[in-house]
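Index from 1, following the sequence. Every heavy atom of this structure was used, including side-chain atoms; hydrogens, water molecules and symmetry mates were not.
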Amino acid sequence: MRLPHLVLAVLMVPVMAALVVAGGRTLKGSASTVAVDQIDPGADTIPQADTGTVPEEPATSAIPAPQPPKPAAHSRAIDPQVVAPPKLPAGELERVEPREPLSKLALAVPPKPKMPDDWNGTKLFQPVAPAAGLIEAKGYSVAVSGIDVVGQDETCTTDGKSWPCGIRARTAFRAFLRGRAVACTVPPEAGRDRIAAECRIGKLDVGQWLVENGWARAAKGGPYVEAGNKAQSAKKGIFGPAPNLAGISAVPAAPAPAPQAPGSILEEDGGVLKPADQPTPSE
């Protein structure tokens, strides 16, 4: 029984091969086939095989056109730590005259502060004199104008003797001020720098008094030159002799001891305690 089956199987192989070849030819010749290169990948729908329609646009129209190359950005190396000036031309520089101002306003100077007509200065209350001719009060530091201030550490020599004329001049100036208010021609607002200004106490010129009494030297070309010459001729103040301190003791006398109170109001007399003598009220 097996031999007939084997013969039948051998005979069926060529038959099946012929059927496969015949089927392939039938599919190739059918009008329902669609070429792969006719499919538009960008179309929304694929055309049906039974209609046989062909897309109007070629398949290559969906490919975007190539963009032109962008120009390269120009750049230069910059060192943020180095700031170099621009290069100057090799030739010599030529100096030219400045142009004319656009208007006359460019030539105007800042206006000076205008003081009231009745302004006689700023009053400085409770002045302090660190030296003859220097005044400090209310945050101001004023040097009396028209004089050369005598420093407190200055010494003068007269007849071969040196004496501290600066301290003596400061003492005389403090006695002259006596804490009175001084009116000086300074701005209403105090500043940090020292200001040279005219000062008065009432109607008395402070600089005039200092120079006339020889406690300051008159500045060259100032208003007190004549008064300074007179004080120097009269040998006043720092131009005079050293003060006579013969009658003044250098060391103050020791104060007298205070009377001591008795240790007890009773005293012993022959083994008997008796009241002690009490001091009189005058004692």
Nearest heavy-atom neighbours spanning Ile147 and Gly207
CG2-O, 4.1 Å
Tightest non-hydrogen contact, residues Cys199 and Val142, listed as SG-CG1, 3.8 Å
Non-hydrogen atoms of Val211 and Ala227 that approach each other most closely:
CG1-C, 3.8 Å
Below 4.5 Å, heavy atoms only, C-beta onward: do Cys184 and Leu124 meet side chain to side chain?
yes
Applying side-chain contact (heavy atoms from CB on, under 4.5 Å) to Phe176 and Ile201, what does each step give before you reach the verdict?
CA-CA 10 Å; Phe176 167 73; Ile201 296 180; 3.8 Å; yes
Backbone N or O of Gly240 within a donor-acceptor pair of the Thr158 side chain at under 3.5 Å?
yes
Verify same cluster id: Phe173, Phe239 (apolar side-chain graph, 4.5 Å)
yes
Where do Ala131 and Val149 come nearest, in terms of heavy atoms and distance?
CB-CG1, 4.3 Å
Decide yes or no for Val128 and Ile135: does some side-chain heavy atom of the first lie under 4.5 Å from some side-chain heavy atom of the second?
no
Non-hydrogen side-chain atoms of Val150 and Ile238 separated by less than 4.5 Å:
yes
Please confirm whether the backbone N or O of Leu177 pairs with a side-chain atom of Arg180, one donor and one acceptor, at under 3.5 Å?
yes
Minimal heavy-atom distance between Phe125 and Lys138, with the atoms involved, is N-CD, 4.1 Å
Taking all non-hydrogen atoms of both residues into account, name the closest pair between Pro223 and Gly146 and its distance.
CD-CA, 4.2 Å
Does some side-chain heavy atom of Ser141 sit less than 4.5 Å from a side-chain heavy atom of Leu134?
no
Are any of the side-chain heavy atoms of Glu136 and Pro127 separated by less than 4.5 Å?
no
Pairs involving residues 200-219, ordered by first then second residue, that meet side-chain hydrogen bond (donor to acceptor under 3.5 Å, both in side chains) (sequence neighbours left out):
Glu154-Arg217, Asp205-Tyr224, Gln208-Glu212
Between the side chains of Thr157 and Ser162, is a donor N or O closer than 3.5 angstrom to an acceptor N or O?
yes
